[in-house]
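Whatever order the structure lists them in is the order used to number ligands and atoms, beginning at 1.
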Amino acid sequence: MTDSHYREKTSVLISREQLAERVQQLGEQITKDYAGQDLVLVCVLKGSFMFTADLVRHIDLPVRVEFLGVRSYGDSTTSSGSVQVTQDLTRPVGGAHLLIIEDIVDTGLTSDFLIRQLTARNPASTKLCALLHKPARSQIDVPIDYLGFTIEDEFVVGYGLDVAQLYRNLPDVCIYRD
Ligand code: IMP
Ligand code: MG
């Protein structure tokens, strides 16, 4: 791929303006819901780095941010169903209110795994915030407490989401067609 071909296979699905508006709404809702509580955002790497960076700026509370690296796909565009932790949290989270920040809930297997893993560390609560949900491919029902957008069964890239590690830097969520 040359630089000039970088956007050839993508078309905008959710614009940067739509993302900004929805992320602000989510941040304001989270601010209301967690007022007075010990809140820890768990940014699930790599896909939710951009979403977390924007969201946290709309959360007007004392909040901690932790990072959890997982790999669920390899470099293919379909789920392998297996989840591997590539980087763990750096601090204990017992007694804290955890909010997992995910880029997308597709089959639901990754989020389900993360909720179970984190709940085992005795937090006060564990909830899930996902930018995107692709219900067509759901294999397991995970409760999404805060959701940005529901999308059709399309593979999307940009705003943190990748295909084979590329396209994360696109400012819009785009449909990718090979
Ligand atoms: P799940 O375990 O199938 O729900 O998928 C979770 C992970 O797969 C997400 O955190 C993404 O990293 C990746 N994923 C699922 N669907 C897409 C997509 O359409 N584009 C990019 N990554 C995706
Ligand atoms: Mg990915």
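Annotation: Thr110 places an N or O atom under 3.5 Å from an N or O atom of ligand 1; distance criterion only. Every N/O-N/O distance between Val157 and ligand 1 stays at or above 3.5 Å. Among the atoms of Val156, some N or O lies under 3.5 angstrom from an N or O of ligand 1.
Not less than 6.0 angstrom separates the ring centroid of Phe67 from the ring centroid of Phe49.
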Could you give me the CA-CA distance, side-chain angles and deciding distance for Asp162 and Lys46, then say whether salt bridge (Lys or Arg N to Asp or Glu O under 4.0 Å) is met?
-> CA-CA 9 Å; Asp162 73 305; Lys46 301 175 190 165; over 6 Å; no
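Put simply, part of Lys134 is less than 4.0 Å from ligand 1, judged by heavy atoms. For the pair Glu154 and ligand 1, a heavy-atom separation below 4.0 Å is found. Using a non-hydrogen distance threshold of 4.0 Å, Asp162 registers as a contact of ligand 1. Ligand 1 has at least one atom lying under 4.0 Å from a heavy atom of Gly108.
With respect to Lys134 and Glu152, no salt bridge is recorded, no charged nitrogen being found less than 4.0 Å from a carboxylate O.
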If you look only at distance, which donor and acceptor atoms sit under 3.5 Å apart when one is on a side chain in residues 88-101 and the other is two or more places apart or in another chain?
{"from": "Asp88", "atom 1": "OD1", "to": "Arg121", "atom 2": "NH1", "distance (Å)": "3.1"}
{"from": "Asp88", "atom 1": "OD1", "to": "Arg121", "atom 2": "NH2", "distance (Å)": "3.1"}
{"from": "Asp88", "atom 1": "OD2", "to": "Arg121", "atom 2": "NH2", "distance (Å)": "3.4"}
{"from": "Thr90", "atom 1": "OG1", "to": "Glu66", "atom 2": "OE1", "distance (Å)": "3.1"}
{"from": "Thr90", "atom 1": "OG1", "to": "Glu66", "atom 2": "OE2", "distance (Å)": "3.3"}
{"from": "His97", "atom 1": "ND1", "to": "Ser125", "atom 2": "OG", "distance (Å)": "2.7"}

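In this structure, a donor-acceptor pair under 3.5 Å is absent between the side chains of Tyr159 and Asp103.
Between Asp103, Asp153, Asp106, it is Asp106 that holds the heavy atom closest to atom 4 (O) of ligand 1.
Less than 4.0 angstrom separates some heavy atom of Glu102 from each of these atoms of ligand 1: 10 (O). When each atom of ligand 1 is checked for a heavy atom of Thr107 under 4.0 Å away, the hits are 1 (P), 2 (O), 3 (O), 4 (O).
Relative ring orientation between Phe155 and Tyr176 is described as perpendicular, the plane-to-plane angle rising above 60° on a 0-90° scale split at 30° and 60°.
Identified under the salt bridge (Lys or Arg N to Asp or Glu O under 4.0 Å) test for residues 18-38, with sequence neighbours left out: Asp38-Arg64.
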